[in-house]
Amino acid sequence: MKPLPLEFAARDTVEVAKDLLGRLLVHRRDRRLTVGRIVETEAYLGPHDLACHSSKGRTRRTEVMFGEPGHAYVYLIYGMYHCVNVVTGGGAAVLIRAVEPVEGFGAGGRGDGPGRLTKAMGLDRTHDGLPLDRAPLFLAEGAAVRRIGSSARIGVDYAGPVWSRRRLRFFDATSEHVSR
DNA sequence: GGGACGATGTAT
DNA sequence: TACATCGTCCCT
């Protein structure tokens, strides 16, 4: 399984969000692989996007979003769940909201939901800032997506009418593993 | 040093 | 539809 180069993420954030659909997210810990096929993403466009963490300023937490594209931005939400993002640079990133289990998910391990997929794949803040083109955490080629659906992003009403309504959520319309 | 607030998930 | 649970950020 060959990692995608960092340049994969050095493009327009919406393009990266769509292109990530169908790709594989791979976590190698010890000798074991956990692999998920990405089926749902959300684009967070940068400091001007009021739903994006970087819109609250450049802080220690959001610093990685201003760094090199292709790195992971992982944060804790609601004190219980971790969320993984692919940094595209300039304060922007793509949240991975759902994956379809491919390999290494234990019995009952699910990938449909940002908190679920990180739990099932064993991802947490120790992965924050890691480059996504090498072990332990990387992106790889996958099966192309036939039909891409889109909608408003989930849970961002606080960002106001304009930014909460923009259709920046993308998903594999044929997948059974998209979150609800 | 304190308090408000989530890019969620699960159970009721 | 309630609520668990805690890091981050901002205020004092």
Side-chain angles (χ1 to χ4, degrees), chain A residues 9 12-21 23 25 27 34 36-67 69-101 105-130 132 137 139 148-172 175-180:
Chain A
D12 173 75
T13 305
V14 168
E15 234 173 84
V16 174
K18 291 182 189 166
D19 202 359
L20 275 171
L21 296 176
R23 310 281 179 179
L25 180 65
H27 182 208
T34 312
R37 178 173 173 272
I38 299 170
V39 294
E40 182 179 350
T41 60
E42 281 179 1
Y44 288 86
L45 303 187
H48 60 291
D49 175 356
L50 296 185
C52 186
H53 288 171
S54 65
S55 70
K56 308 221 168 59
R58 191 167 173 161
T59 64
R60 183 140 73 255
R61 180 174 64 134
T62 60
E63 187 61 27
V64 61
M65 276 201 276
F66 292 89
H71 289 236
Y73 168 47
V74 185
Y75 65 91
L76 183 67
I77 188 68
Y78 301 126
M80 323 178 198
Y81 301 105
H82 298 274
C83 294
V84 213
N85 300 247
V86 177
V87 171
T88 59
V94 176
L95 170 67
I96 299 177
R97 281 192 59 87
V99 302
E100 190 171 283
F105 282 63
R110 297 163 66 86
D112 53 333
R116 284 187 174 155
L117 79 90
T118 50
K119 187 175 169 214
M121 295 188 67
L123 303 175
D124 57 43
R125 285 187 323 124
T126 63
H127 304 274
D128 188 38
L130 291 182
L132 292 169
L137 185 62
L139 297 165
I148 296 180
S150 73
S151 78
R153 292 174 291 187
I154 307 293
V156 296
D157 290 351
Y158 67 88
V162 175
W163 286 104
S164 64
R165 286 178 197 158
R166 283 193 59 175
R167 300 176 77 81
L168 292 171
R169 170 173 171 257
F170 305 98
F171 53 91
D172 177 345
S175 174
E176 302 294 305
H177 297 268
V178 169
S179 69
R180 64 145 274 120

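In what follows, every heavy atom counts, from backbone to side chain, and hydrogens, waters and symmetry copies are set aside. In what follows, chains carry the letters A, B, and so on, assigned in the order in which the sequence lines appear, proteins first and then strands, with residues in each chain numbered from 1.
Side-chain contact between A:Arg61 and A:His53 is present, with heavy atoms from C-beta onward closer than 4.5 Å. No side-chain heavy atom of A:His82 sits under 4.5 Å from any side-chain heavy atom of A:Ile77. Contact annotation: the side chain of A:Leu117 approaches that of A:Val84 to within less than 4.5 Å [non-hydrogen atoms, C-beta and beyond]. Residues A:Val14 and A:Phe170 are in side-chain contact: their nearest non-hydrogen atoms beyond the backbone lie under 4.5 Å apart. By the 4.5 Å heavy-atom criterion applied to side chains, A:His127 and A:Asp124 are counted as neighbours. Contact annotation: the side chain of A:Met121 approaches that of A:Phe105 to within less than 4.5 Å [non-hydrogen atoms, C-beta and beyond].
Counting distance only, with no hydrogens placed and no angle test, the side-chain atoms of A:Tyr78 and the base atoms of C:dA4 include no donor-acceptor pair under 3.5 Å.
Proximity of residues 82-94 of chain A to DNA chain B (heavy atom under 4.0 angstrom from any strand atom) is restricted to A:Asn85.
Across A:Asp49 and A:Ser55, no two heavy atoms sit closer than the pair O-CB, 3.2 Å.
Remark: C1' of C:dA4 and CD1 of A:Ile77 are 13 Å apart, rounded to the nearest angstrom. The CG-C1' distance, from A:Asp112 to B:dA7, rounds to 16 Å in whole Å. Protein atom CD1 of A:Ile96 is 17 Å distant from nucleotide atom C1' of B:dT8, rounded to whole Å. Note: CE (A:Met65) to P (B:dA7) measures 11 Å, nearest angstrom. For the pair A:Leu168 CG and B:dA7 P, the interatomic distance rounds to 15 Å; values are reported in whole Å. One interatomic measurement links the two molecules: OH of A:Tyr158 to C1' of B:dA4, which rounds to 15 Å at whole-angstrom precision. Separating the CE atom of A:Met80 from the C1' atom of B:dG6 is a distance of 11 Å, rounded to the nearest angstrom. Rounding to whole angstrom units, OH of residue A:Tyr81 and C1' of B:dG6 are separated by 14 Å.
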| message | If a pair means Watson-Crick or G-U wobble with both distances below 3.5 Å, what does DNA chain C look like in dot-bracket form, with | marking bases paired to a different strand? | response | ||||.||||||.
| task | Step by step, work out the side-chain contact (heavy atoms from CB on, under 4.5 Å) result for A:Leu168 and A:Leu45. | result | CA-CA 9 Å; A:Leu168 292 171; A:Leu45 303 187; 4.1 Å; yes
| task | Quick one: do A:Thr62 and A:Ser54 satisfy side-chain hydrogen bond (donor to acceptor under 3.5 Å, both in side chains)? Show the steps, please. | result | CA-CA 6 Å; A:Thr62 60; A:Ser54 65; over 6 Å; no
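In summary, the side chains of A:Ser151 and A:Arg167 do not present any donor paired with an acceptor at a separation below 3.5 Å, with no hydrogens or angles considered.
Phosphate proximity of C:dC6 to A:Tyr75: absent, as no side-chain N or O sits under 4.0 Å from OP1 or OP2. Between A:Arg97 and B:dT8 there is a side-chain polar atom (N or O) within less than 4.0 angstrom of OP1 or OP2.
With a 6.0 Å radius and a threshold of 12 heavy atoms from other residues, nucleotides or ligands, A:Arg165 has its CZ atom at or below the threshold.
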| note | Protein-proximity profile, nucleotides 7-12 of chain C, B/S/- by nucleotide at the 4.0 Å heavy-atom cutoff, equals SSSS--
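Judged by closest nucleotide on DNA chain B, A:Gly155 is the one of A:Gly155 and A:Lys119 placed further toward the 5' end. For A:Arg110 and A:Val156, each mapped to the nucleotide of DNA chain B holding its nearest heavy atom, the one lying further toward the 5' end belongs to A:Val156.
Remark: A:Arg116 fails to qualify as a cation-pi partner of A:Tyr81 under the 6.0 Å distance and 45° angle criteria applied to the six-membered ring.
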